[in-house]
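Data block below; observations after.
The sequence lines fix the lettering, A, B, ..., with proteins before strands; numbering per chain opens at 1.
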There are 2 protein chains.
Amino acid sequence: MALNPQLVLDAAIRHLDEVGLDAFSVRRVADGLGVRIGALYWHYKNRQALVDAIAARILEPLTLMEPSTDAWDVRLCRFARAYRQALLSHTDGARVITAISGPGPMGHAFMAIPVKVLCEAGLPATDAAAAADVLTSYVNGFTIEEQNRKLGQPEQDRDRGFEFGLTLLLDGLRSRTTA
Amino acid sequence: MALNPQLVLDAAIRHLDEVGLDAFSVRRVADGLGVRIGALYWHYKNRQALVDAIAARILEPLTLMEPSTDAWDVRLCRFARAYRQALLSHTDGARVITAISGPGPMGHAFMAIPVKVLCEAGLPATDAAAAADVLTSYVNGFTIEEQNRKLGQPEQDRDRGFEFGLTLLLDGLRSRTTA
DNA sequence: ACCTGAACACCGTTCAAGT
DNA sequence: ACCTGAACACCGTTCAAGT
């Protein structure tokens, strides 16, 4: 069976889910595929490229969300929740995102979602970009901490904490929009 | 000259500032001290203990802020800004904080600051804790991104982005307090 | 108590050589 | 085109042995 970037990425994600980002090792990914380590370097330039690919895979579901006709604040909430869930769906998912070497095409498609919603809400383009940064920064920061230290805590409590911050941001944004 | 935890920590921070967290190496810290690597393990149990110590050093200035009689929102803003500045004062400072093995005494003293302010603002204890988590999560997330990718950007722009989010959170909090 | 010397088991990366 | 074999320069950690 021939190796290809897809299969390597699948194995990498399995390995990440098992051991977490700190113990994530290109060599172990090769082991999981029953292949010598040099083989992976044919499909991915280096470890960073593999991490970037994992990050893109994590963000992909968000860029595929179906468009909605709901109010902008409802859509922004849905985006933030879906983003957190995407990060939570893999071990250290939030830290993986902050370990990307740069925002690739997927990263740009991802950020375009909240920016678009906020523009439609009537925010000036520059404010929309800033607000989108704030929102994703919050989700990143919250979920990093959540995956680092709060996974023993009941899901309901963690959800409540997240929703509290989301509400604060949304309230602040509503008072700055015209729509 | 005898080695001690202080000197090791100083050298570790110098090394961190030079190469960043990813390239941070216990061996290089030993090199910087002109000492064999085994020597460091007498003063620090392992690499993680050294990172924890760096994090505590970064947070220390905040726990030493002089008490203030200003309004709660002014104090909370001041705390958030000082926290961001503390993180920015060392290479990858924000990522160092999220790499702590656990909240030590310094971490607890640190979190007590915003919690206290928010309690005095009239928030129920449980809301105060949640809001403090939200605020620090935001600062962490924002500053990680800032140190990862925005350090080329003018400081004024980065400050503006940060203040935007801070204002949103503060506005949201004000509508939930009695004081 | 504090440090050296030396080893151990691991990394990521490269690259000629095979097929 | 794709993978193996083998090397290289690095890690963190341990621990007997020295002082």
Practice task
Could you list the residues that satisfy side-chain hydrogen bond (donor to acceptor under 3.5 Å, both in side chains) with B/R84, not counting sequence neighbours?
Solution key: B/E146, B/D159

Handout entry: Residues B/K150, A/D133: salt bridge by 4.0 Å N-O rule
Key = yes

Handout entry: Helical stems, DNA chain C - three or more consecutive Watson-Crick or G-U wobble pairs below 3.5 Å
Key = C:4-8 with D:12-16, C:12-16 with D:4-8

Handout entry: Rounded distance (Å) that lies between atom C1' of C/dC2 and atom CG of B/L40
Key = 12 Å

Exercise for the section: Measure from the side chain of B/R28, starting at C-beta and using heavy atoms only, and say which of C/dG5, D/dC3, D/dC11 lies closest. Expected result: D/dC11

Side-chain donor/acceptor pairs under 3.5 Å, residues 24-31 of chain B, sequence neighbours excluded:
from, atom 1, to, atom 2, distance (Å)
B/S25, OG, B/R27, N, 3.1
B/S25, OG, B/R28, N, 3.2

Exercise for the section: Please tell me which of the listed nucleotides, D/dC2, C/dT13, D/dG5, lies nearest to the side chain of A/W42? Expected result: D/dC2

Problem - All side-chain contact (heavy atoms from CB on, under 4.5 Å) counterparts of B/E18, not counting sequence neighbours - result: none

Handout entry: Near-ring test B/F142/B/F164, centroid separation under 6.0 angstrom
Key = no

Fill in the blank from the handout: Nucleotide by nucleotide, nucleotides 14-19 of chain D touches protein heavy atoms under 4.0 Å in the pattern (B base, S sugar-phosphate only, - none) B-----

Exercise for the section: Write down the distance between CG (B/L3) and C1' (C/dC2), rounded to a whole number of angstrom. Expected result: 9 Å

Practice task
Under 4.0 Å from any atom of DNA chain D, heavy atoms only: list the residues of residues 11-27 of chain B that qualify, in numerical order.
Solution key: B/F24, B/S25, B/V26, B/R27

Problem - Backbone of B/I97 reached by a side-chain donor or acceptor of B/N140 within 3.5 Å - result: no

Exercise for the section: Flag the pair A/F162 / A/Y138 as yes when their ring centroid distance falls below 6.0 Å, and as no otherwise. Expected result: yes

Practice task
Using a strict cut-off of less than 4.0 Å between a Lys/Arg side-chain nitrogen and an Asp/Glu carboxylate oxygen, indicate whether B/R95 and B/D92 qualify as a salt bridge.
Solution key: yes

Exercise for the section: Please answer: with hydrophobic residues joined when any side-chain heavy atoms are less than 4.5 Å apart, are B/I58 and A/I144 in the same cluster? Expected result: no

Handout entry: Atom-to-atom span, NE2 of A/H43 to P of C/dT13 - whole angstrom
Key = 16 Å

Handout entry: Salt bridge flag under 4.0 Å for residues A/D73 and A/R174
Key = yes

Fill in the blank from the handout: Nearest heavy-atom contact between A/P5 and A/H43 is CD-ND1, 3.7 Å

Handout entry: Side-chain N,O (B/R36) to OP1/OP2 (C/dC3) below 4.0 Å
Key = no

